[in-house]
Every structure is written in C-alpha cells, then in structure tokens.
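Here is the structure we will look at.
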Amino acid sequence: MRLYEYEGKQLFKRYNIPTPNSVVVGDFSELDKVVYPVVLKGQVFIGRRGKAGAIQFANSKKEAETKIKELLGRVIHGYEVTKVLVEEKVEIDREFYLSATIDRTKHKPLLIVSSEGGMEIEEIAKKPDAIIKHYLEIGERVEPYLGRSIARKMEFKGDAMLKVGNIIVALYNLFLDYDCKLVEINPLVLTADGKIIALDSKVDLDEDAMYRHKELMQMGIEARHEIGELTKREKIAKKAGIPYVDLDGDIGVFPGGAGFGIASIDLIKHFGGNPANFMDSGGAPTQERLRLMIGLLMDNPKVKVIFGARFGGISRCDDWAKAVVQYVLENRPQKPMIMRMAGNMEEEGRKIFEEAIKEHSELFKNIKVYKFDTPIEEVIKEAIKESI
Amino acid sequence: MRLYEYEGKQLFKRYNIPTPNSVVVGDFSELDKVVYPVVLKGQVFIGRRGKAGAIQFANSKKEAETKIKELLGRVIHGYEVTKVLVEEKVEIDREFYLSATIDRTKHKPLLIVSSEGGMEIEEIAKKPDAIIKHYLEIGERVEPYLGRSIARKMEFKGDAMLKVGNIIVALYNLFLDYDCKLVEINPLVLTADGKIIALDSKVDLDEDAMYRHKELMQMGIEARHEIGELTKREKIAKKAGIPYVDLDGDIGVFPGGAGFGIASIDLIKHFGGNPANFMDSGGAPTQERLRLMIGLLMDNPKVKVIFGARFGGISRCDDWAKAVVQYVLENRPQKPMIMRMAGNMEEEGRKIFEEAIKEHSELFKNIKVYKFDTPIEEVIKEAIKESI
Amino acid sequence: MSIIIDENVQVIVQGITGRNASLHTKFMLDYGTKVVGGVTPGKGGEKIHDLPVYDTVAECLKEHPAAAVSSVWVPPRFAKDAILEAIDAGIKTVVVITERIPVHDMLFVRKRAKEKDALVIGGNTPGLISPGKSLVGMLPKIAFSGGRVGTVARSGAITYYLANSLNLAGMGESTSVGLGGDPILGANFEDVLRLFEEDPETDAVVMAGEIGGVYEELAAPYIKTIKKPVVAFIAGKAAPKGKRLGHAGAIIEGNMGTAESKVEALKENGAIIAETLSEIPELVKEALCGKQQ
Amino acid sequence: MSIIIDENVQVIVQGITGRNASLHTKFMLDYGTKVVGGVTPGKGGEKIHDLPVYDTVAECLKEHPAAAVSSVWVPPRFAKDAILEAIDAGIKTVVVITERIPVHDMLFVRKRAKEKDALVIGGNTPGLISPGKSLVGMLPKIAFSGGRVGTVARSGAITYYLANSLNLAGMGESTSVGLGGDPILGANFEDVLRLFEEDPETDAVVMAGEIGGVYEELAAPYIKTIKKPVVAFIAGKAAPKGKRLGHAGAIIEGNMGTAESKVEALKENGAIIAETLSEIPELVKEALCGKQQ
C-alpha cells in the first residue's frame with residue numbers, strides 16, 4: 001500500500017527524519033504557516049510529477065492560492081489531485097538516494113544508498129559504482145555506527161555524517177516498525193546552508209500487516225485502493241479488492257480460483273480468441289464477490305460470451321455454483337456462459353445447477369457447465385466459437 | 001532500581017498483565033473506587049510484608065480508612081510507608097511463580113516459572129522439580145507459541161493457558177523494553193472464578209539505562225535511592241550515590257578509587273585494627289563528592305583516625321589532593337589523617353599538599369601523606385597505632 | 001517412492017477447528033492421508049472427525065511422535081506463530097495453506113526454517129499430493145492420478161489443470177507440489193526440483209511458473225545441472241504488461257519478473273519450454289522417449 | 001612475550017577527544033604504547049597529541065591497518081555502539097574503560113564479540129599493561145615493573161596494589177589485566193588465565209577477585225587443569241554481609257557471590273589462597289620454588 005508523499009513525511013517526522021517546513025492543503029486556511037517561496041506538490045501516485053504538471057512553484061501566498069486552485073481537482077494520469085503539499089523551497093547543493101527494501105532473490109532486507117540521487121531510479125541503477133547495498137540479518141537493527149559508516153561511504157563528513165547516519169538508522173527502524181516493503185528518500189538533499197533534508201518520500205506498506213498498525217489510522221492513513229489510470233470497471237473491481245484488468249477482446253473470463261486467470265488468457269489467445277479481461281478471484285471468494293465478478297463481465301458491452309472455469313480447491317464448487325445460479329435468477333442475463341466445473345464439492349455444486357435448471361430451464365438455456373471429463377481446452381474452444 | 005509494587009503494576013497494566021482492581025492512596029479521596037473487602041498493602045521494599053505488618057485487610061471503607069491511617073507514616077524495617085496500595089480481595093485457587101531475569105553464569109536472559117508460587121523465593125528454589133527455566137537468545141522475543149508452551153508445562157489448559165501464555169510474552173517484552181534486571185510475579189494466581197491475576201510485582205530496572213526510558217518519569221517513576229534500614233550516615237551517602245556502610249570500629253576508611261575499599265577493610269582487620277566503615281568512591285569522583293566522603297568520617301564520633309589511600313588511575317591524585325586540602329581549610333578537623341598517594345598526576349597532587357602545608361603548617365600537622373615508596377601495609381599499621 | 005509425502009507419512013493439522021481446515025481434514029482422511037491429530041490453542045481435548053485436538057504442537061507430537069508433516073490453516077495473523085511452533089517442535093515439513101501472511105513474518109519464518117533445516121511450503125499453497133498415497137492441503141483429488149511425472153507450480157488451479165492434462169494424455173504424477181501464491185514463499189522451485197531429481201520414481205519434472213517475482217529465474221541455474229528432463233511453462237505471456245517498478249526494486253531485480261525474462265532464463269539453462277499448458281504432456285513424452293533412446 | 005599487548009601492538013582510542021581519553025592517550029604515548037590514531041564521530045580531521053582523529057573506526061583502520069587493539073572511552077550511552085563498531089571493523093581486542101554500561105547492552109556486545117571472536121575487556125576496566133612494553137587504559141605506570149608473574153583482577157586499585165606488592169618483593173609482571181567493575185563483563189578470569197597459561201614468559205598467575213558476582217566461581221573448574229601455579233585472593237572477607245537476594249537470582253546463583261563460596265571453589269580446584277594482598281608475593285615465590293624442585 002503506497003502512501004502519499006505527505007503521509008510518508010508524517011512518518012519521517014515521527015522518526016526525526018528532517019523534511020521541509022510544510023502544510024498540506026485541501027483548502028487555503030493554512031497557507032500563512034509557511035515562508036515563501038514554496039513548492040506546491042499535487043499528491044498523486046506517479047513518477048515524474050514535474051513533467052506531468054503536478055509540481056508548481058509560488059513566490060507568494062497569492063500565487064500559491066491561484067496555483068493550488070488550478071491543481072486541486074485536476075486529474076493527472078488518472079489520479080485526481082485532492083491534496084497539495086506546500087513546502088518551503090530549499091536551496092539544493094547536492095542530491096543523494098536512500099532506501100530500505102527487501103531483496104526477494106536473497107530473502108533479506110537491505111539498505112540501498114547512492115551519492116547520486118534526485119533522478120529516476122532507473123537512472124540511478126545505471127550508475128552501479130555510486131550505489132552501496134548493505135544487507136541486514138532478519139531481526140537485526142541498524143546500529144548507529146553502521147549508519148555513520150554508510151554515510152561516510154556516501155562521502156559525508158563531520159556533522160553531516162552524524163545527521164545522515166541518524167537518518168539511515170531511523171529509515172530502517174521505520175521500515176521494520178511499520179512492516180514496510182519499501183521506504184525511499186529520493187532525493188535526500190544537502191542544502192546550500194548545510195542542512196540535510198528528505199525532499200521526497202516513497203513508503204510502501206505491507207497491506208497484509210496493516211492490522212498491527214492501528215496507530216496509522218489515527219494519523220489518517222488507512223488501507224486504500226490506488227485507482228489512478230483505471231477504467232470504470234477496474235475501479236469497481238479494485239474497490240472490491242478483485243484484481244481485474246480490462247483487455248480489448250470479447251470473451252469475458254470468469255476464473256474460479258486464484259492463479260488460473262492469467263493462464264486462461266494465454267489459452268484463449270493461443271486458440272485464436274480475444275479475452276475481454278484479466279481477473280483473479282483470490283482464494284475462497286464470498287458469494288457477493290463472485291456475483292460482482294460475473295456482473296462486471298455481463299455489464300461490459302464488448303463481452304459476447306463468458307468463459308468460466310472452476311477447479312475447486314479451497315474455493316469450493318458448491319459456493320461457485322450457488323453464486324452463478326443466484327446471479328442468473330436475479331439478473332436474467334442474455335449472454336451465453338460456457339463453463340467447466342470440477343474439484344472439491346463438485347457433486348454438491350452440480351446438484352445446485354441441476355435443480356436451478358429444472359425449475360428455470362428457459363433462463364439457463366445459454367448456460368453450459370461441463371464436467372471434469374471435458375478438457376479445459378475444449379471448453380475454451382467452444383467459448384471462442386460463440387464469440388465469433 | 002527497584003520499583004514499588006504499585007509502580008510495577010502500572011507497568012503490568014501497560015502490557016495487559018491483569019492485576020486486581022486497585023487504587024493507590026497517600027490520602028483517602030479514592031477509597032470509593034474499589035469494591036470491598038480489600039487488601040491494604042504498605043509500599044515498602046521488603047519481603048515477608050505480611051509478617052512485618054505492612055499488609056492489612058479491610059471489609060469496608062471505614063475500616064480501610066482507619067487501617068490506612070495506622071499504616072501511613074509507619075516505619076517498617078527502616079522504610080517509611082508513604083503510599084498504600086488498596087486492592088480488591090481475590091479468592092485464590094492456586095498460586096504460581098513467573099519471572100524474567102539474567103543468568104550471569106551463562107550471560108543469557110531467561111524465563112523462570114514454577115507451578116508452585118506464593119512463597120518466598122528461597123522456598124520455591126527448594127522445589128526444583130516444579131521449576132522450569134527457559135533461556136532466550138539475546139535479541140530474541142518470546143513468541144506467543146512459546147508462552148503457551150510454557151503455560152502448558154505449568155499445567156494450565158484451554159483458556160487459562162492462552163491467558164498465561166500472553167502474560168509470559170508480555171512479561172518478557174516488559175523485561176526487554178524497559179532494560180530490566182528482573183521482572184517477577186509472585187504469586188500469579190488462578191482465582192476461584194477462573195481468572196488469572198498478578199497479585200504482586202517485583203520489577204528491578206537497570207539504573208544505568210534509565211536515560212532511555214524518559215516515559216517512566218511521566219509515570220512518576222524516577223531514579224531513587226532505597227534508604228530503608230540505613231543509618232544516618234548511610235542515608236546521606238546513599239542520597240549522594242556513594243556506597244557506604246557503617247561498621248563498628250574506629251578507623252575511618254577513605255579510599256581513593258573504586259574497588260580498593262573492601263580490600264582495605266580486610267587489611268585493617270588483618271593487622272588488628274577496627275574499620276569504622278566501608279566506602280567506595282567510584283571512578284573519577286567530583287571534588288564535592290570527595291569532600292562529602294571525608295566529612296562523613298570526620299563527623300562520626302566513633303572515628304579516631306582516618307586512613308586514606310589514593311592510587312591514581314582514572315581518579316587522579318591532583319583531584320584527590322585538592323579535595324583533601326579544601327576540606328581541611330574549610331573544616332579545620334582535629335582528627336589525624338594517615339594516607340598514601342601514588343599514581344597518575346602524583347607530582348601535581350604532591351605540589352598541592354606541599355603548598356598547603358607551607359601556608360597552614362599548624363592545620364596540617366596531623367595529616368601525613370606517604371609516597372609510593374612506603375608500602376600500603378606500613379601506612380595501615382601506622383593508622384592502627386593512632387587508633388589505639 | 002514420491003517426494004515429501006507418501007502413504008506412511010503422518011500429518012497434523014494446525015488450526016483444525018476452523019471451517020476450511022475441518023472440511024479439508026475430512027477430505028484428507030477420505031483420501032487416505034494419515035492425519036493423526038490437530039492443534040488449536042485453547043481447544044485441547046476436543047475431537048474433530050474423531051481426531052484428538054491438542055493445545056500445542058509439542059503435546060500433539062508427544063502423543064504422535066511419528067508425525068512428520070504439519071499443515072497450517074490458521075488466520076494470517078497467527079501464521080508466523082503456528083509455523084514457528086511447528087518448526088520448534090521438530091516438524092520438518094510445514095505446509096502453509098494460510099494466505100496473505102505479512103512479508104516480514106515470512107522472512108522471519110524462512111530464517112528459522114533454514115536454521116532448523118525445515119521445509120516450509122507456502123504460504124497460500126494449495127498443498128501437495130502424491131496421488132494414491134497422501135494428500136496434504138486442499139487440492140481436488142479428481143485432478144490427479146499416480147505416475148512418474150513430478151510437477152511443481154505456483155498457483156493452485158494451474159497445478160490442477162496441469163495434472164489433469166497429464167492424466168488425459170495417459171500419464172500421472174509421482175508428486176504434485178503447489179508452491180503457493182504469496183509474495184514471499186518458503187520452498188522455491190529449486191528446492192522441489194532437487195527432491196524430484198533424487199526421487200527414483202520420478203522420471204521427468206514439469207514446472208509451471210507465472211509472471212511476477214523472481215523464483216523462476218532463481219531456479220534456472222540449477223536446471224542446468226539436473227539430469228531429468230524439465231518441461232517448463234510460464235503463465236501470463238498474454239497478460240497486460242505491468243508498469244515499471246519505479247523504485248528500489250529496479251536496482252535489485254532489474255528485468256526479472258516478466259514472462260520473457262523467465263522463459264529466457266529457463267531456456268538458456270536447458271529447460272524444455274511449453275508455450276501452453278496443453279502441449280506439456282506431448283513435450284514430456286518426447287523428452288522421456290529421447291532419454292530412453 | 002606477554003599477553004594481549006606487547007611493544008609492537010598498535011592501539012587506537014575511541015572517544016579520544018574527551019577529557020580523560022585525551023589525558024590518558026598522552027600517558028599511553030609517554031609510556032611507549034604505539035597509539036596510532038583516534039576516533040570521534042563528527043570530529044574526523046582533527047588532531048590530538050599529533051594523532052589523527054577519524055570519523056569512523058573503519059577509516060582509522062584503513063590508514064592504520066596494523067592496529068589490533070582499541071580502547072573505548074566514550075560516555076556509557078555510546079559504549080555499545082563504539083564496541084560494536086570496533087568489532088565489526090575487525091578489531092580483535094577492545095578495552096572498555098567506560099563504566100556503567102547498561103547490562104542489556106553488554107549482553108548484546110558479548111554475543112557479537114563471541115560471534116566475531118573478539119576479546120572485550122571491561123566495561124569499567126582500568127585497562128591492562130605489559131610493563132615496559134605497552135599500557136592500554138589508565139593504570140598508573142609507577143605501580144608496575146616487568147617480570148614473569150601474570151596478574152588479573154576485577155578492580156583497578158587492587159590491580160595497582162597487587163603489582164606494587166610484587167615489585168616490592170622483587171618480582172614483576174608479564175602482563176597485568178583489569179577485568180573491570182561493571183556487573184556484566186566481557187573477558188572473565190578464565191579467558192585471561194588461558195592466555196597466561198599459554199604465555200612462555202609467564203611463570204605464575206595471581207588472580208584477585210572480590211565478593212559479589214559469579215566470575216570467580218566460574219573460573220574455578222579451569223584452574224584445576226592449568227599447569228602454572230595460580231595464587232588467588234578474594235577481597236571483602238571482612239566486608240559486611242549483604243542481604244539475601246530475595247528474588248529469582250536465588251534460583252540461578254544459589255550461594256555464589258560470597259567470599260566463602262569463592263574461596264572454597266578456588267581452593268577445591270587447586271588455587272593457592274592468599275588471605276591478604278601482602279602475603280601474595282611470598283606465596284608466589286613458594287609456588288615457583290616448588291615448581292622448580
């Protein structure tokens with residue numbers, strides 16, 4: 001779960017990582033609290049915010065007001081600006097890079113620092129000589145001497161070395177204390193008057209660990225869904241916690257368990273069809289979520305046919321069948337559904353379909369549910385045939 | 001630094017370790033907040049408080065008032081009762097023992113639990129079969145499963161096992177978080193109605209680590225000196241942070257550096273003298289502290305002569321000489337001082353004495369300061385001669 | 001033989017009193033898995049499907065000292081604790097069904113597992129099955145039949161369809177292992193490939209990866225050294241491209257994680273690449289014939 | 001030879017810019033100790049007694065790669081960090097003058113020292129001296145002269161008086177080591193006894209303990225195996241008796257910590273017990289004569 005820059009900086013303040021004097025404005029009441037000139041930063045989850053127009057400058061409160069008005073409500077790469085971070089401008093002497101993250105190839109946390117900062121990470125990665133990686137043991141903290149030693153390697157000396165050393169310790173403590181996947185300061189700047197300041201923040205929390213960080217809610221940081229650059233359907237799915245991506249084909253893909261979603265798209269393409277979406281149900285989805293998933297496909301005018309597949313593991317066939325039947329009874333859809341159902345609780349699932357068909361044969365005439373003995377490829381081919 | 005029972009229980013509450021409903025009274029305003037009958041516990045640092053009369057029972061608010069009045073101000077084994085902990089009485093079904101401490105023979109922290117609790121620790125130690133010790137690695141926390149597993153070994157089952165497991169986790173977290181040397185619950189009780197409650201608390205903090213626990217001061221817990229059972233001079237010394245014990249001899253012992261204090265007592269006794277005190281200056285004592293140390297001896301009517309020894313290491317001879325001279329000039333003492341001074345900054349120290357003697361020869365006529373070439377044993381023998 | 005589990009292995013179930021765990025314990029018992037007991041702290045003394053429930057893993061093992069595998073079904077916030085308890089009690093194979101375990105918890109668990117030489121499969125694994133012998137987890141038995149092909153996949157459904165395809169083509173599985181879908185996993189492709197390489201009843205291995213993560217790339221160098229044929233499939237080639245990482249991951253992982261990167265790494269190291277799930281059985285057959293000539 | 005330090009050993013001073021550290025660095029230099037540099041974070045580039053000051057131990061070692069011993073003089077709240085920094089930079093002997101280091105910090109430091117095979121002496125040690133060769137710490141040089149008796153004591157002043165007595169009796173020290181007065185120490189009696197046992201220039205060892213703690217008792221079993229004579233002295237026999245522990249320590253330490261317990265443990269294991277400091281020289285002489293016969 002990515003945090004907005006200003007939220008990350010709130011956490012920085014808790015850890016005594018210096019940030020520019022600032023206010024966050026949704027309206028204009030607080031603009032007297034900063035000294036001008038200021039930088040106005042629209043809070044959106046994109047890189048290169050400068051190029052995208054999300055960052056402006058203002059030399060006076062009046063100019064700030066005008067520019068904030070322009071920024072608020074603007075949609076930048078799909079993200080609406082609802083908050084602007086107003087920061088006092090600092091004179092940059094040099095820019096550096098600091099981060100704490102997890103190396104998934106080694107399964108270890110590490111610090112990454114570079115004496116070349118301020119540019120996009122891909123650019124930083126191109127200067128490996130300036131990059132220092134320091135791996136930590138699981139459970140280990142960064143001792144102050146280690147912070148200083150890394151700061152020293154970044155070419156800091158004397159008082160600046162002590163400050164950067166402390167920031168490195170704090171950064172890593174924040175990373176551990178809040179179950180982060182990433183804490184990044186890019187750039188960390190040395191100002192013209194010798195101060196060390198974190199000019200940007202990038203904090204990525206582990207959504208699965210949020211339950212143990214109730215205090216974040218008190219700070220106004222809550223589990224959220226990033227909905228920039230999303231289509232209407234993608235937003236609906238995201239809000240419901242369903243991984244969903246619109247594609248430009250005509251076969252709606254209704255997968256029945258985690259993981260098979262991406263494989264079924266491959267198969268549809270392989271056999272010459274055009275999938276309309278990628279979707280993943282997650283393990284053991286609720287009835288409500290399953291019906292919402294069907295609805296997303298049915299309501300998409302591009303979709304001509306729905307291909308469905310349930311191989312019941314922890315997601316049970318009977319739950320799946322119940323959801324399909326209820327959706328059909330409630331919504332009386334016209335589009336055909338070509339599906340296959342096998343696995344755990346298959347028999348119970350099949351009974352649910354049989355009873356529904358017996359009572360509402362007209363409603364279910366376009367709905368086919370193949371059994372285990374029909375290979376999935378045959379089902380896909382039939383769905384493709386329907387889509388032509 | 002030992003905490004009072006009620007202070008330890010304040011920490012317990014922070015860690016969700018259940019304690020009886022209670023109020024702490026220095027006066028009587030809060031006695032309506034508990035349900036009677038209650039236990040009245042005078043807050044003093046001694047064991048066997050029941051036998052010593054520090055624990056009383058009351059069935060009503062009125063009775064409580066009367067008995068608290070009796071308790072407040074009473075001096076029990078040298079400790080004055082200034083606070084009474086008023087706790088609702090619980091019906092005890094069984095008593096257990098829990099503690100976290102450091103094994104100095106193995107240099108490891110450990111949990112000690114016993115299914116036999118409620119008696120003096122020496123009694124518990126006599127039933128080794130009932131004692132479970134679990135050593136932890138440095139830096140390790142007690143995982144919940146370990147807490148449960150230890151609780152299970154204490155013969156708890158089901159819900160009680162879960163609760164005791166949580167208490168063990170919390171006890172150890174408290175132990176680490178607050179730099180404790182000891183956290184002890186004796187007894188932990190299972191009540192007649194199935195509750196688990198910590199009925200007493202014994203928390204010993206590391207005074208040397210108090211600087212990183214500022215929040216304890218906010219709770220009203222501060223660095224303090226335990227002054228129960230002390231003589232007048234011992235109390236003065238304790239308040240100044242000087243280890244001092246009155247003995248019943250007549251030779252005042254004024255040591256010059258950490259560690260030699262106990263050895264000089266051995267030597268005086270060995271040569272037939274009678275030391276009046278044990279004292280330790282600690283490393284690099286201040287001028288003020290050194291003068292206070294001399295004063296303690298001079299003001300003791302039993303003391304006939306003062307034996308002093310400074311072997312300057314980190315505690316410098318010049319500092320020591322300066323303090324002696326200033327004390328003598330200010331207080332014009334009559335008792336003889338037989339001393340030896342050697343070691344770091346000896347020459348500078350000797351100059352200080354020489355100049356003082358030149359100007360105030362009368363005042364210093366009873367004061368001898370031997371050099372390195374006189375063995376310490378000779379100096380001690382001379383002091384003993386003076387005392388006869 | 002087979003890997004990890006066979007007809008004799010005794011299994012315990014942590015979190016057995018939960019809805020899913022209880023249902024799938026029944027399925028495991030029906031399949032013939034030797035489930036000997038369950039653990040739910042605070043519910044010791046109860047019975048589930050006639051199996052004794054214990055308060056702690058240690059107690060359970062005291063009564064069933066031969067139990068060698070634990071499957072973990074507890075809610076995610078208790079998963080770390082349950083896995084550590086199992087490892088600490090001496091269990092050498094822990095199958096973690098629980099999904100969405102915090103990543104720092106899994107890092108901690110991995111470290112402990114390494115120290116204690118335990119194999120942790122998952123989290124978010126469907127489990128594993130040695131068809132006809134033992135099933136641990138919640139895979140649908142209908143998808144599998146016994147044979148001499150080992151399979152290892154990240155996702156549950158792909159595990160099922162893969163076995164299904166093999167079976168329709170007249171082959172069967174020695175063991176099918178689901179690695180799980182969480183971002184930080186215990187056992188990786190390489191761990192399982194090593195076990196298959198040593199298993200005399202496995203002739204060939206199919207590994208099915210998917211886009212995202214680095215586990216396929218990490219297994220590639222080992223594949224170069226393996227003697228048995230490895231057929232590899234990467235799901236998600238047609239999936240929409242993800243965005244660039246835009247953060248520190250770029251420095252560590254570079255271009256890993258794409259279907260191209262994975263396929264290339266596997267191919268370079270001698271894996272036989274299947275373009276679709278459907279062509280896997282044919283490729284396995286060819287590889288085995290090639291071996292026999 | 002001597003133990004731990006000799007005329008060639010290069011020494012660095014952590015916290016060199018402090019009042020005491022600066023003074024005693026001067027004393028060490030005057031004595032002939034090869035102090036090569038100092039460290040005070042944030043003060044890199046300064047000079048103290050013509051010695052270069054560095055920001056980090058690593059930098060200091062880069063310039064003075066032969067430095068093998070560090071003495072630590074920083075305030076107690078920075079002691080853990082300074083010791084860890086030294087150990088991590090590869091220093092194998094750390095002499096910790098700082099007193100009143102939090103006990104949990106020392107436990108942590110001890111663990112790291114063990115992992116990295118470093119010897120930490122102190123905290124609250126006066127230091128150590130190989131007379132005529134090198135002095136690290138703040139012992140008064142006047143108390144010591146070279147010879148073939150090794151000494152190890154807990155307190156500073158006892159270290160000085162002990163050496164003083166030996167010298168007055170015509171003997172001298174190979175090395176005198178102060179273990180330090182803090183409750184949790186790095187090096188213990190046994191660690192130092194082992195070094196003396198292996199030192200060809202040490203003929204006998206005097207260990208001076210005192211009441212409190214468990215370190216004397218812990219060394220006793222090793223004394224049984226040592227070949228050189230060990231004369232042991234325990235200070236505090238006439239000291240007032242402490243109160244009973246009254247807490248968990250009673251379960252772990254039992255009766256350890258009293259003068260009686262220490263003397264008994266040492267005597268049982270073959271140490272020659274000195275009743276007073278004064279009789280030590282005579283006992284050492286006797287023991288050496290006995291050896292020679």
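Proteins come first, then strands; the chains are lettered A, B, ... in the order of their sequence lines, and each starts at number 1.
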Should we say atom CD of A:Glu91 is surrounded by more than 12 heavy atoms from elsewhere, each under 6.0 Å from it?
-> no
A:Tyr145 to D:Leu84 - nearest heavy-atom pair and separation | CE2-CB, 3.5 Å
Against chain A, residues from residues 17-29 of chain D with at least one heavy atom under 4.5 Å, in numeric order, are none
Could you check if a side-chain atom of A:Glu143 sits within less than 4.5 angstrom of a side-chain atom of D:Lys80, using non-hydrogen atoms only?
-> yes
Any chance you could measure A:Lys153, atom NZ, to D:Thr56, atom OG1, to the nearest 0.5 Å?
-> 9.0 Å
Should we say atom NZ of D:Lys114 is surrounded by more than 12 heavy atoms from elsewhere, each under 6.0 Å from it?
-> no
Taking all heavy atoms of A:Leu162 and all of D:Pro41, pick out the closest pair and write down the distance.
-> CD2-CB, 3.6 Å
Which heavy atom in D:Asp55 sits nearest to a heavy atom in A:Gly158, and how many Å separate them?
-> OD2-N, 3.3 Å
Okay, D:Tyr54 and chain A: the region with an atom under 4.5 Å from a heavy atom over there is neither
Check whether more than 12 heavy atoms from other residues, nucleotides or ligands sit under 6.0 Å from atom NZ of D:Lys92, and answer yes or no.
-> yes
From CD (D:Glu59) to CZ (A:Arg148), nearest 0.5 Å = 11.0 Å
If you draw a 6.0 Å radius around NZ in D:Lys111, do more than 12 non-hydrogen atoms from other residues or ligands fall strictly inside?
-> yes
